[in-house]
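Below: one structure, written as structure tokens.
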2 protein chains.
Amino acid sequence: MRVSTRFSDSVHILAFIEIYKSLKLSSELIASSIETSPVVVRRLMSTLRENDLIDTKKGSAEPKLSRSPREITLLDVYLAVEGDKQLFTLDTNTNPECIVGGNIQKVLGNYYEDAKMAALRKFNNVTLQDIIESIQVEQKAKEHHLI
Amino acid sequence: MRVSTRFSDSVHILAFIEIYKSLKLSSELIASSIETSPVVVRRLMSTLRENDLIDTKKGSAEPKLSRSPREITLLDVYLAVEGDKQLFTLDTNTNPECIVGGNIQKVLGNYYEDAKMAALRKFNNVTLQDIIESIQVEQKAKEHHLI
DNA sequence: TTTCATGTAACTTTTTAAGTGACAGGTATA
DNA sequence: TATACCTGTCACTTAAAAAGTTACATGAAA
């Protein structure tokens with residue numbers, strides 16, 4: 001299938017909302033930064049709203065973060081848009097009559113879960129504030145090189 | 001897209017080869033355990049062979065592990081079949097003229113890399129031997145419950 | 001009251017991997 | 001040594017998930 005960029009794009013939306021909170025934040029403007037369509041942005045924002053990460057008002061282009069960027073982690077965003085989707089994919093159709101086919105799902109699934117948890121713990125230690133500050137540092141570094 | 005089960009299926013193949021090494025290991029037999037087609041198995045086995053995890057002989061149904069199952073880790077298998085594919089997907093098409101769009105790929109990419117490394121370190125600590133023993137334990141537990 | 005936005009539904013396109021059919025060439029054994 | 005079987009690989013089809021698109025009812029605001 002096509003690869004999902006929902007996680008990346010959602011972080012993008014949240015950072016954009018915070019950094020440009022003084023502007024009129026229409027889905028069209030946000031979409032122009034992500035280079036996607038306004039509908040895709042609105043769909044992602046619906047998910048973010050359902051997960052209490054942003055507040056929006058129908059008909060009005062003024063989305064706001066539901067809480068401080070210091071209190072939103074990458075894990076919050078990941079769970080909002082990817083839910084409990086498995087990160088490493090098990091083949092769930094193996095032959096139960098075979099010793100390997102009949103047991104590998106449970107066995108591998110446990111190791112997959114360990115690995116996924118290790119990754120998600122990393123995300124739990126990164127806040128939206130970290131992302132925003134890193135973006136700003138990168139931007140300044142970029143501008144510095146131009147001089 | 002369709003979700004990739006190559007990693008799972010490759011571990012399955014390796015465990016199967018080791019557990020049933022006394023049998024004639026045709027791609028058809030292995031495929032019956034994975035419940036897929038022999039061509040899919042042969043394709044995966046080609047990749048495993050290219051990455052020095054198994055030895056095969058054209059025309060002859062006797063694949064062998066290239067080294068002891070204690071010396072093959074889940075990471076070896078993952079890297080063989082997934083290569084350096086990103087685990088969390090960046091949106092690589094964002095607006096470079098925007099502060100967010102122009103810097104988020106690098107910033108998020110770094111955090112994604114940290115999370116991926118944390119997961120892959122877990123896989124580096126699990127051997128094919130661990131998988132095989134876990135499968136056998138699960139099987140015995142299953143049989144025990146039947147009595 | 002007109003203009004602009006959101007929220008959402010329905011549909012199409014894109015992408016990636018699995019599945020399928022075919023076949024040249026190697027293996028092995030009756 | 002003929003025959004049956006198997007691998008390795010190619011080309012093509014199908015399946016599934018998400019992005020992209022079109023459309024529109026409804027709300028906001030000047």
Go through C/dT27, D/dG8, C/dG19 for me and flag the one nearest to the B/R49 side chain. D/dG8

Among the nucleotides D/dT7, D/dA19, C/dA18, which one has an atom lying closest to any side-chain atom of B/V40? C/dA18

Tell me the bend of the helix from C/dT1-D/dA30 to C/dA30-D/dT1 as the angle between end helix axes, each from five pairs, rounded to the nearest 10 degrees. 10°

Under 3.5 Å donor-acceptor, B/S8 side chain and B/T5 backbone: no

Which nucleotide, C/dG25, D/dA29, D/dC6, lies nearest any side-chain atom of B/A61? D/dC6

Consider the side chain of B/S60, meaning its heavy atoms from C-beta on, and name the nucleotide among D/dA28, C/dT27, D/dT7 that approaches it most closely. C/dT27

Nearest-Å distance, CD1 (B/I30) to C1' (D/dG8)? 14 Å

May I ask you to decide if the ring planes of B/F7 and A/F88 are parallel, tilted or perpendicular, using 30° and 60° as cut-offs? perpendicular

Within the structure shown, what part of the strands sits under 4.0 Å from B/E50 by heavy-atom distance: base, sugar-phosphate, or nothing? nothing

From C-beta outward on B/K58, which listed nucleotide comes closest to its side chain: C/dG7, C/dA24, C/dT20? C/dA24

Candidate nucleotides D/dT26, C/dG25, D/dA28, ranked by approach to the side chain of A/K57 - the nearest: D/dA28

Of B/N93 and B/R42, the one whose nearest nucleotide on DNA chain D sits closer to the 5' end is B/R42

Closest nucleotide among C/dT20, C/dT8, D/dG20 to the A/V39 side chain: C/dT8

Are A/T36 and D/dG20 close enough that a side-chain N or O sits under 4.0 Å from OP1 or OP2? yes

Please tell me whether A/R70 and A/T127 have a donor and an acceptor in their side chains that are separated by less than 3.5 angstrom. no

